[in-house]
Amino acid sequence: KSLLLTAEEPHCKKQTECILFLMIFTSSGAGYHSESKAKEYKHACKRACQKAVDRLRAGGLALEAVTAALIELEDSPFTNAGTGSNLNLSGEIECDASIMDGKSLNYGAVGALSGIKNPVLVARRLLSETQKGKLSAGRIPPCFLVGKGAEQWAISHGIPACPTEKMTTKFSLSGYKRNKRKMELAEQVETKRKRQLCGHENDFGCLEPVGDIMVEGEENNSACLDTVGAVVVDREGNVAAAVSSGGLAMKHPGRVGQAAHYGCGCWAENARDVSLYSTAVSTSGSGEHLIRTMLARECSTAMQAENAHQALLEAMQNKFISSPFLAGEDCVLGGVIVLRCCTCGEAQRSEDIQALLVEFLWSHTTESMCVGYMSAQDSKARTHISRLPPGAVAGQSLAIEGGVCRLGTVSD
């Protein structure tokens with residue numbers, strides 16, 4: 001079921017000196033990215049990388065940088081997060097988002113959130129508030145809020161409200177209308193079948209069976225799965241991860257996807273020992289599949305193996321595609337971006353050299369996945385739309401790519 005693609009070493013591989021060691025790696029989601037919109041997806045990733053690196057160059061840490069990247073991705077009308085999110089059955093936008101700090105291991109998340117332009121800001125604020133300690137009367141501050149309560153909490157903490165109509169785009173609205181018509185048609189066909197089984201014919205005529213109402217004949221299928229995410233390592237070696245999503249198209253109101261669930265949407269953990277790796281993971285795809293497998297945390301755990309490429313391949317195969325928790329599924333859809341880093345061997349032996357060895361990988365079982373990456377010494381971000389090889393079956397096969405980057409500075 002798996003297809004192993006040779007790991008590449010992108011142009012960001014450096015053996016030279018640089019000022020800072022930091023990196024941002026973003027994804028505009030796993031799904032289907034049409035050739036006609038490839039430019040927009042890549043631009044969204046490039047802008048997100050640039051925003052994050054600008055924050056890091058200004059002295060910001062990983063948590064600030066990953067937030068900056070997600071805000072840029074949420075503001076893009078071409079991604080299914082924030083502005084342009086999929087509409088639910090009621091024609092409303094409900095967003096999920098989460099963020100995790102590898103240094104403190106603190107986490108913040110929101111689910112089924114309406115009326116807020118950048119859900120990641122609420123998740124980030126929840127994380128920050130948990131670091132302040134207990135509330136009055138010894139109450140424990142929340143790390144995960146949903147629905148109206150999340151919206152009220154956000155507004156009370158200075159995050160401005162934004163009407164749904166301002167977050168709805170022509171693209172998301174037209175997709176909603178098309179899917180609604182398909183659902184209505186499917187319901188008519190099902191009603192006809194039931195009546196025929198009961199011996200009652202009707203006048204619906206020869207309607208074709210509609211079994212794939214979520215698949216657009218046009219170029220809209222990517223919006224169903226296009227969760228956005230980012231992973232970052234900063235100059236101090238701290239890692240952070242974040243993810244944001246508008247959820248599945250035509251989802252039931254109140255549905256919360258993997259982007260908000262602990263260990264499912266993102267994971268970040270600094271190494272607690274010199275023999276371990278710091279890891280950051282962000283996931284995208286079918287939320288229910290990612291929740292039932294806790295894929296973000298599974299991939300992070302797998303990254304402690306010696307061979308990162310082989311470890312991610314096995315995690316995607318054994319913990320996702322062939323997971324016993326998804327035994328009844330014949331099409332398992334998802335994607336991950338993974339970053340792991342450790343202090344280079346020579347840095348451990350010398351006080352004069354400080355460096356990080358960073359490995360970054362992406363893998364997906366969906367037809368395609370758009371990624372971007374950038375380090376502080378790069379003048380611009382690099383982007384790539386990864387696709388399954390010809391003949392590969394989405395949901396049953398996987399693609400995996402990535403590279404290695406040495407980032408560091410030599411002291412005077």
Side-chain angles (χ1 to χ4, degrees), residues 1 27 29-32 79-81 85-90 92-98 100 107 109-113 119 123 144 146-147 150 175-176 179 182-183 186 211-216 220-229 241-267 281-300 315-337 363-369 393-398:
K1 285 187 177 180
S27 165
Y32 171 74
T79 64
N80 176 30
S85 288
N86 288 326
L87 303 184
N88 64 16
L89 278 172
S90 302
E92 297 293 323
I93 288 178
E94 290 184 331
C95 296
D96 307 322
S98 64
M100 187 167 179
Y107 156 89
V110 290
L113 173 65
F144 183 10
V146 299
Y176 169 74
N179 280 327
K182 289 185 177 184
M183 288 188 66
D212 59 348
I213 61 171
M214 301 312 298
V215 179
E216 294 294 339
N220 192 36
N221 11 357
S222 63
C224 295
L225 301 173
D226 244 354
T227 298
V228 302
V243 62
S244 182
S245 177
L248 293 172
M250 309 304 286
K251 64 182 180 179
H252 194 283
R255 181 260 190 186
V256 177
Q258 107 284 351
H261 281 78
Y262 187 69
C264 304
C266 69
W267 191 263
V281 181
S282 181
T283 70
S284 177
S286 177
E288 278 64 27
H289 296 167
L290 296 164
I291 291 170
R292 286 154 65 185
T293 56
M294 293 189 72
L295 189 62
R297 190 170 184 179
E298 287 285 3
C299 288
S300 174
M316 289 292 289
Q317 178 66 65
N318 302 328
K319 302 295 185 179
F320 192 55
I321 295 178
S322 302
S323 170
F325 298 103
L326 299 177
E329 302 288 346
D330 58 3
C331 184
V332 180
L333 298 170
V336 297
I337 53 174
S363 180
H364 58 95
T365 66
T366 54
E367 289 187 37
S368 61
M369 186 173 185
V393 180
Q396 298 179 6
S397 306
L398 66 89

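Note that this is a predicted model, so its numbers are computed, not measured.
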A.B. asks: Could you point out which residue of E298, M316, H364 forms a side-chain contact (heavy atoms from CB on, under 4.5 Å) with V336?
C.D. replies: M316
A.B. asks: Would you name the heavy atoms of S98 and A123 that are closest together and state the gap between them?
C.D. replies: CA-CB, 4.1 Å
A.B. asks: Would you call K251-E288 a salt bridge at under 4.0 Å N-O?
C.D. replies: no
A.B. asks: How would you list, by chain and number, every residue that makes a ring pair (Phe, Tyr, Trp, His ring centres under 6.0 Å) with Y107, sequence neighbours excluded?
C.D. replies: Y262
A.B. asks: For V256, check side chain to side chain contact (heavy atoms under 4.5 Å, CB included) against everything at least two apart and list the hits.
C.D. replies: D96, A112, F144, V146, A260, H261
A.B. asks: Kindly state each residue pair satisfying salt bridge (Lys or Arg N to Asp or Glu O under 4.0 Å) with at least one member in residues 316-327, sequence neighbours excluded.
C.D. replies: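 Of all non-adjacent pairs touching residues 316-327, none passes salt bridge (Lys or Arg N to Asp or Glu O under 4.0 Å).
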A.B. asks: Residues in salt bridge (Lys or Arg N to Asp or Glu O under 4.0 Å) with R297, at least two apart?
C.D. replies: none
A.B. asks: Mind checking side chain to side chain contact (heavy atoms under 4.5 Å, CB included) for A241 and listing every partner two or more places apart, or none if nothing turns up?
C.D. replies: V231, C266, A268, A280
A.B. asks: Would you say I337 and M369 make side-chain contact, with heavy atoms under 4.5 Å?
C.D. replies: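 When only atoms from C-beta onward are counted, M369 and I337 do touch, with a gap below 4.5 Å.
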A.B. asks: How far apart are the closest heavy atoms of V243 and S282, and which atoms are they?
C.D. replies: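 Answer, listing the atom of V243 first, then S282: CB-OG, 3.7 Å.
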A.B. asks: Indicate the atoms forming the closest heavy-atom contact of H289 with C331, along with that distance.
C.D. replies: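 Heavy-atom minimum between the residues: CE1-O, 3.1 Å.
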A.B. asks: Could you pull out the closest heavy-atom pair between Q396 and I321, with the gap in Å?
C.D. replies: O-CD1, 3.9 Å
A.B. asks: Please check if the side chain of T365 supplies one atom and the backbone of G334 the other of a donor-acceptor pair under 3.5 Å.
C.D. replies: yes
A.B. asks: CD1/I93 to OG/S85 distance, rounded to the nearest 0.5 angstrom?
C.D. replies: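 Interatomic distance, I93 CD1 to S85 OG, rounded to 0.5 Å: 5.0 Å.
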A.B. asks: Report yes if the side chains of S284 and V228 come closer than 4.5 Å at any heavy-atom pair, otherwise no.
C.D. replies: no
A.B. asks: With side chains defined as the heavy atoms from C-beta onward, is the minimum distance between P253 and L89 less than 4.5 Å?
C.D. replies: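 Yes, close enough: below the 4.5 Å cut-off.
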A.B. asks: For N86 and G247, indicate whether the former's side chain and the latter's backbone hold a donor-acceptor pair under 3.5 Å.
C.D. replies: yes
A.B. asks: On a heavy-atom basis, which atom in L113 and which in G147 lie closest, and how many Å separate them?
C.D. replies: CD1-O, 4.2 Å
A.B. asks: Can you list everything that forms a side chain to side chain contact (heavy atoms under 4.5 Å, CB included) with E92? Sequence neighbours excluded, please.
C.D. replies: N88, S90, T164
